[in-house]
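What follows is a short report on a single structure.
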Amino acid sequence: MSQRDLSLQTLRSLCPSEHHYLLSHWDDLDESQRRGLYEQISQVDFEGLRREFGSLPGSEGGTGTEEGMAQSVCGTSQLADLAEPPEAVRLSERTPQLLAEANLEGSRAISAGEVAMVLVAGGQGTRLGFDQPKGMYSIGPVSGRTLFQMHVDSLRGAMKKFGVSIPLLIMTGPSTDGPTREYFAKRGNLGLSDQELMIFQQGTMPAVDAKTGRILMESTSSIALSPDGHGGIVRALAKTGWFERAEQRGIKHLFYAQVDNPLVRACDPLLIGLHRLVGSQATTQVVEKRFATEKVGNVVKLAGKTQIIEYSDLPEQVARQTNPDGSLKLWAGNIAVHVFDIDFLQQCRHSAQALPFHRAHKTVGYVDEFGKTHVPEKPNAIKLERFVFDLLPAASKSLVVESLASESFAPVKNATGSASDTPETCKAALVDLHRRWLRSAGVELDEGCSVEIHPLWAWDEQEVQARFQHSARIQSDTFFT
Ligand code: UTP
């Protein structure tokens, strides 16, 4: 932006007139504050805000009302009692033939370079209470490897197994971007080449006043912004031009995982194979819920579509419904492991319906047009987020695949001492899985000793078995590397 461009007039043309209150303090700002505000305003998705809330009252064609602002966008919660279990490939349906066929199909696609992986790591990790990006949290039960290392190692294991280079895309957010880039740069990309690693930042959305729909300012020179949710991935990736590059390279599928779950198998060939065999555009891996009110999203069939209903939106009596054998009717828990077709994501990037905003009522301090600071005591604002799982109902063909939680899901959400999903429960799950693999290879393990297997040493149970030709006994904590 040149000096001449940075004028109030330019900014007024960039910012719709109904939001010109954002410029109330322009005359009092210094050069760098003006630049900052200009940058922020040029990034605001004003069209998305207008779609969400209508035009502001008082503006030309204004439709927004107080009631309008407060209404909920999430229609699924009202329909929750109509939810049915999803059609899914259950564990019991995995015949040896299906497993072999799907694994082969998935392996072929990976070996042919048709798969890339994305790791979402833009969240603020508030519950864990760690002051760095969550990916930098040490989780390896013996090695102390970080969450980022666990995922990268798993992907490098897949590259070795399938003899191919697989691109890793890491989505960061405003608070995790700088430290994440520095972390990878200082550690030689954890072994990935510059061509294999792409770090990109998700977008933000402004917090708006719940009563008026006006954008809140956190200071006289900056807007109150927050990350636009993991569903921001489509918009953010599109902005980098990655979709076009992926198409040119022949990449057809994007394997999606969250940074906080180190049990996920990078580019799981079985999941990718099933996705391809049925011609799915969006596939999701689920686990059987441990109990009715477990805090995971519920994968259901609603209005003929696979959808996810957040646990907070599912009435308890609906969650508690059982089948005649006593098992849960709505059994499928979301673990946020997905496979998406690239051309499907391309379609969704142009569709506002595919990734609607979800509203969260939050308490957000702000500065008003007169420069007065307000510190509200109760929720006064609406923050908008997109959820990646909203892509499922947008797909013309989707697929749900059950997996065992003990093999695929051990998230790090909460701080040590909490009831669930802590670093300790995650480490225990990693140790349990690797102990099972070693036992299946005939290895004797002393009670209580922790084991951890590096994916480049053995990527799966079969590779562990191949490592042990003779009997072995493990008597102390061991990292197989
Ligand atoms: P969570 O919803 O669990 O949030 O994100 P979080 O940031 O990890 O933790 P809390 O809620 O603040 O305690 C699930 C996954 O989605 C990513 C997170 O990094 C995590 O991998 N995420 C979440 C994003 O990438 N962007 C977002 O805007 C939100």
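In each ligand, atom 1 is the first atom listed, and ligand 1 is the first ligand listed. Everything numeric here is computed off the predicted structure, so don't read it as measured data.
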- Indicate yes or no: does E114 engage R276 in a salt bridge with an N to O separation below 4.0 Å.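 Between R276 and E114 there is a salt bridge, with a charged N closer than 4.0 Å to a carboxylate O.
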- Salt bridge between E288 and R90, side-chain N to carboxylate O under 4.0 Å?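 A salt bridge is present here (some side-chain N lies under 4.0 Å from a carboxylate O).
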State the atoms of ligand 1, each with its element, that fall below the 4.0 Å cut-off from a heavy-atom position in [X].
X    : value
A121 : 19 (O), 25 (O)
M171 : 25 (O)
V259 : 21 (O)
Q258 : 14 (C), 15 (C), 16 (O), 21 (O)
H230 : 16 (O), 26 (N), 27 (C), 28 (O), 29 (C)

Among all protein heavy atoms in this structure, tell me which lies nearest to [atom], with the distance rounded to 0.1 Å.
atom                    : value
atom 3 (O) of ligand 1  : K413 NZ, 2.7 Å
atom 25 (O) of ligand 1 : G122 N, 2.8 Å
atom 12 (O) of ligand 1 : T126 OG1, 2.5 Å
atom 19 (O) of ligand 1 : G123 N, 2.9 Å
atom 8 (O) of ligand 1  : K134 NZ, 3.1 Å
atom 11 (O) of ligand 1 : R127 NH2, 3.0 Å
atom 21 (O) of ligand 1 : V120 O, 2.9 Å
atom 27 (C) of ligand 1 : Q202 OE1, 3.4 Å

- Identified side-chain hydrogen bond (donor to acceptor under 3.5 Å, both in side chains) counterpart of S143 within the set E452, H454, Q149: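 The residue from E452, H454, Q149 that satisfies side-chain hydrogen bond (donor to acceptor under 3.5 Å, both in side chains) with S143 turns out to be E452.
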- Query: Do the side chains of R359 and E52 get nearer than 4.5 Å, heavy atoms only?
  - Reply: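 In short, these two side chains touch, coming nearer than 4.5 Å.
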- Query: Within a reach of under 6.0 Å around CD of Q132, are more than 12 heavy atoms found that belong to other residues, nucleotides or ligands?
  - Reply: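 Result for CD/Q132: enclosed.
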- Query: Counting only heavy atoms not in K295, do more than 12 fall under 6.0 Å of its NZ?
  - Reply: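 At most 12 heavy atoms, drawn from other residues, nucleotides or ligands, come within 6.0 Å of this atom.
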- Are any side-chain N or O atoms of T422 and backbone N or O atoms of G417, one a donor and one an acceptor, separated by less than 3.5 Å?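 No, because the side chain of T422 does not come within donor-acceptor range (under 3.5 Å) of the backbone of G417.
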- Message: Between S111 and S107 (side chain of the first, backbone of the second, donor and acceptor by atom type, cut-off under 3.5 Å), is there such a pair?
- Response: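 Such a contact is found between S111 side chain and S107 backbone.
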- Message: Once rounded to the nearest 0.5 Å, what's the spacing between atom CG of L384 and atom OG1 of T204?
- Response: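 Spacing of CG (L384) from OG1 (T204) equals 11.5 Å.
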- Query: So R51 and E47, salt bridge (Lys or Arg N to Asp or Glu O under 4.0 Å) or not? Walk me through it.
  - Reply: CA-CA 6 Å; R51 265 200 310 272; E47 203 192 308; 3.0 Å; yes
- Heteroatom distance test (P227, ligand 1): nitrogen or oxygen, under 3.5 angstrom: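 No, since none of the N or O atoms of P227 sits under 3.5 Å from an N or O of ligand 1.
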- Task: Answer yes or no for G229: is there a heavy-atom contact with ligand 1 below 4.0 Å?
- Result: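 G229 counts as a contact of ligand 1 under the 4.0 Å cut-off.
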